[in-house]
Amino acid sequence: MKLITFDAFRTLGIPGVRYIKPERMLDHLDEIRAADILLFPEYWQITTLVYGLGKRIFPSLPSYAIGHDKVEQTRVFQAICPDNVPPTEIRGASRQAIDDIEARFGYPLIVKEVKSSMGVGVKLIQSRGELEAHAAEHPVLYAQPRLEIDRDLRIVVVGGEVITAYWRVTPLGGYRSNVSQGGETAYDNIPAPAIALALHLAEALSVDHAGFDIAMVDGHPLVFEFNRLFGNQGIPDSSRRIGAAILRHLALDSSDNDPTPPRLTPRRVRRATLEETG
């Protein structure tokens with residue numbers, strides 16, 4: 001299998017893969033046409049590679065399309081698992097929207113920028129004045145109540161396998177649990193319903209490389225989002241383990257030349273034990 005990657009870091013655990021800088025894509029069209037699968041292209045490359053050249057990519061096309069926009073991602077979740085989504089308001093910034101958000105959630109509440117990751121763009125809003133100031137700078141308001149939790153879960157799914165699952169514990173006095181924002185990791189007592197939800201979403205959406213962020217509220221899992229390019233800080237031996245899972249997944253589907261990979265079927269979902277996810 002001939003593999004080309006556009007992200008050397010993400011494919012450190014995959015031997016024999018050819019690296020091409022994304023900006024040099026058009027200088028290597030013959031190699032790209034001859035490749036079986038293209039790994040980790042940047043978002044701006046997708047139209048050329050998938051629709052122009054008819055190539056298959058990894059992560060899957062749904063992983064890019066759904067994971068690229070927090071608003072669209074939340075709407076997908078609301079459609080397929082509405083009971084597992086936190087109460088959310090997605091509104092154009094207006095006086096009426098501010099009134100409605102304030103009436104529904106009160107204060108404090110959480111607002112998020114539509115395109116953000118690693119906890120960047122997440123704000124704790126304590127008053128109407130702060131909400132109005134945020135609305136003045138953002139045309140779309142994405143608001144949720146502040147949940148009474150001190151941690152959430154990161155569950156990494158690659159090719160239908162749970163690679164790892166861990167708690168991200170919010171720093172004392174903080175409101176963001178992201179490891180990049182100072183959150184601490186813990187690997188004990190990972191709840192099975194959260195694992196099941198992550199696997200269900202990966203299968204239903206054909207998402208094959210994602211870090212799902214899930215909170216447990218009164219024993220019930222709620223999904224915030226997934227990140228197609230998740231951080232590896234909480235994954236021991238991340239390059240080897242993720243690289244091996246990618247190769248298993250690509251080998252399983254290598255006979256399919258459709259640039260949009262097939263939906264994950266039950267036989268493709270390998271439910272790793274928590275001992276294996278470490």
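If you read the sequence from its start, that first residue is 1, and numbering goes on from there. Computed from a prediction, not measured in an experiment: that's the story for all the values here.
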**Complete:** Scanning both residues in full, the closest heavy-atom pair of S60 with S206 reads OG-O, 2.6 Å

**Request:** Output yes when a side-chain donor or acceptor of S63 lies under 3.5 Å from a complementary backbone atom of D208, and no otherwise.
**Result:** yes

**Item:** H68 vs Y43 side-chain heavy atoms within contact, under 4.5 Å
**Value:** yes

**Asked** Thinking salt bridges, do E113 and K70 make one under a 4.0 Å N-O criterion?
**Response** no

**Prompt:** Does some side-chain heavy atom of T74 sit less than 4.5 Å from a side-chain heavy atom of F224?
**Reply:** no

**Prompt:** Are F105 and V111 connected, step by step, through hydrophobic side chains (Ile, Leu, Val, Met, Phe, Trp, Tyr) whose heavy atoms are closer than 4.5 Å?
**Reply:** yes

**Message:** Does D213 form a side-chain contact (heavy atoms from CB on, under 4.5 Å) with V223? I'd like the steps, not just the answer.
**Reply:** CA-CA 6 Å; D213 295 341; V223 60; over 6 Å; no

**Item:** Joint hydrophobic cluster, L222 plus M216, side-chain heavy atoms closer than 4.5 Å
**Value:** no

**Request:** Provide the closest heavy-atom pair for I214 versus A194 in the form atom of the first, atom of the second, distance.
**Result:** CD1-O, 3.6 Å

**Message:** Quick check: is V217 connected to V85 through a chain of hydrophobic side chains (ILVMFWY, heavy atoms under 4.5 Å apart)?
**Reply:** no

**Test side chain to side chain donor-acceptor pair (under 3.5 Å) applied to Y107 and E102, step by step** = CA-CA 7 Å; Y107 301 103; E102 184 178 59; 2.8 Å; yes

**Asked** For D188, does its backbone N or O pair with a side-chain atom of W167 as donor and acceptor, under 3.5 Å?
**Response** yes

**Request:** First locate atom CD1 of I163, then atom CG of D237, and finally report the distance between them rounded to the nearest 0.5 Å.
**Result:** 11.5 Å

**Message:** One thing to verify: whether R168 and D152 come together as a salt bridge, which I'm taking to mean a side-chain N less than 4.0 angstrom from a carboxylate O.
**Reply:** yes

**Message:** I'd like to know if the side chain of D69 pairs up with that of Q73 as donor and acceptor (distance under 3.5 Å, no hydrogens or angles considered).
**Reply:** no

**Item:** Interatomic spacing from OG1 in T11 to CZ in R18 - rounded to 0.5 Å
**Value:** 12.0 Å

**Message:** Taking the side chain as everything from C-beta on, heavy atoms only, tell me whether E31 gets closer than 4.5 Å to K2.
**Reply:** no

**Message:** Pair H134, L141 - check side-chain contact (heavy atoms from CB on, under 4.5 Å), show working.
**Reply:** CA-CA 8 Å; H134 177 80; L141 298 179; 3.8 Å; yes

**Message:** Are D36 and R56 packed together at the side-chain level, in the sense that at least one heavy-atom pair is separated by less than 4.5 angstrom?
**Reply:** no

**Prompt:** Does the K55 side chain pair with the main chain of R33, one donor and one acceptor, at a distance under 3.5 Å?
**Reply:** yes

**Item:** Verify same cluster id: F9, V17 (apolar side-chain graph, 4.5 Å)
**Value:** no

**Request:** Indicate if I4 and L29 have the same hydrophobic cluster label, given that clusters are the connected sets of ILVMFWY residues with side-chain heavy-atom separations under 4.5 angstrom.
**Result:** yes

**side-chain contact (heavy atoms from CB on, under 4.5 Å) between E89 and I101, intermediate numbers included** = CA-CA 7 Å; E89 287 283 343; I101 291 170; 3.8 Å; yes

**Complete:** Paired with D99, the salt bridge (charged side-chain N to carboxylate O under 4.0 Å, His left out) test is passed by just one of R128, R91, R104, namely R128

**Request:** Hey, could you give me the OG/CZ distance between S238 and R240, rounded to the nearest 0.5 Å?
**Result:** 10.0 Å

**Complete:** Of all heavy-atom pairs linking I57 and I37, the shortest is C-CG2, 4.2 Å

**Request:** Please step through side-chain contact (heavy atoms from CB on, under 4.5 Å) for the pair E132 and I98, ending with a clear verdict.
**Result:** CA-CA 7 Å; E132 289 175 340; I98 291 172; 3.9 Å; yes

**Asked** Within a strict 4.5 Å, meaning less than it, do heavy atoms of the I14 and L39 side chains meet?
**Response** yes

**Fill in**
Rounding to 0.5 Å, atoms CG (L229) and CZ (R10) come to a distance of 4.5 Å

**Prompt:** I155 and A198: which non-hydrogen atoms are nearest, and at how many Å?
**Reply:** CG2-CB, 3.7 Å

**Message:** Does any part of the side chain of I110, heavy atoms only, come nearer than 4.5 Å to the side chain of K123, both counted from C-beta?
**Reply:** no

**Asked** Hey, does the side chain of H209 reach the backbone of R228 with a donor-acceptor pair shorter than 3.5 angstrom?
**Response** yes

**Asked** So how far is it from H138 NE2 to K112 NZ, rounded to the nearest 0.5 Å?
**Response** 14.0 Å

**Message:** Test your reading of the model: is there a side-chain donor-acceptor pair from Q45 to the backbone of E42, 3.5 Å cut-off?
**Reply:** yes

**Fill in**
Heavy atoms of E225 and F77 approach each other most closely as CA-CE1, 3.8 Å

**Fill in**
Test side-chain contact (heavy atoms from CB on, under 4.5 Å), reference V71, set V114, V76, T88, output is V114

**Request:** Calculate, to the nearest 0.5 Å, the distance between atoms CG and NE2 belonging to L197 and H220 respectively.
**Result:** 8.0 Å

**Message:** In terms of relative ring orientation, are Y166 and Y187 parallel, tilted or perpendicular, with 30° and 60° separating the classes?
**Reply:** tilted

**Item:** Closest non-hydrogen atom pair, L38 against A35
**Value:** CD2-CB, 3.8 Å

**Message:** Is there a side-chain contact between F58 and L3 in this structure, where contact means two heavy atoms from C-beta onward sitting under 4.5 Å apart?
**Reply:** no

**Asked** Are L153 and F212 close enough that some pair of their side-chain heavy atoms sits under 4.5 Å apart?
**Response** no

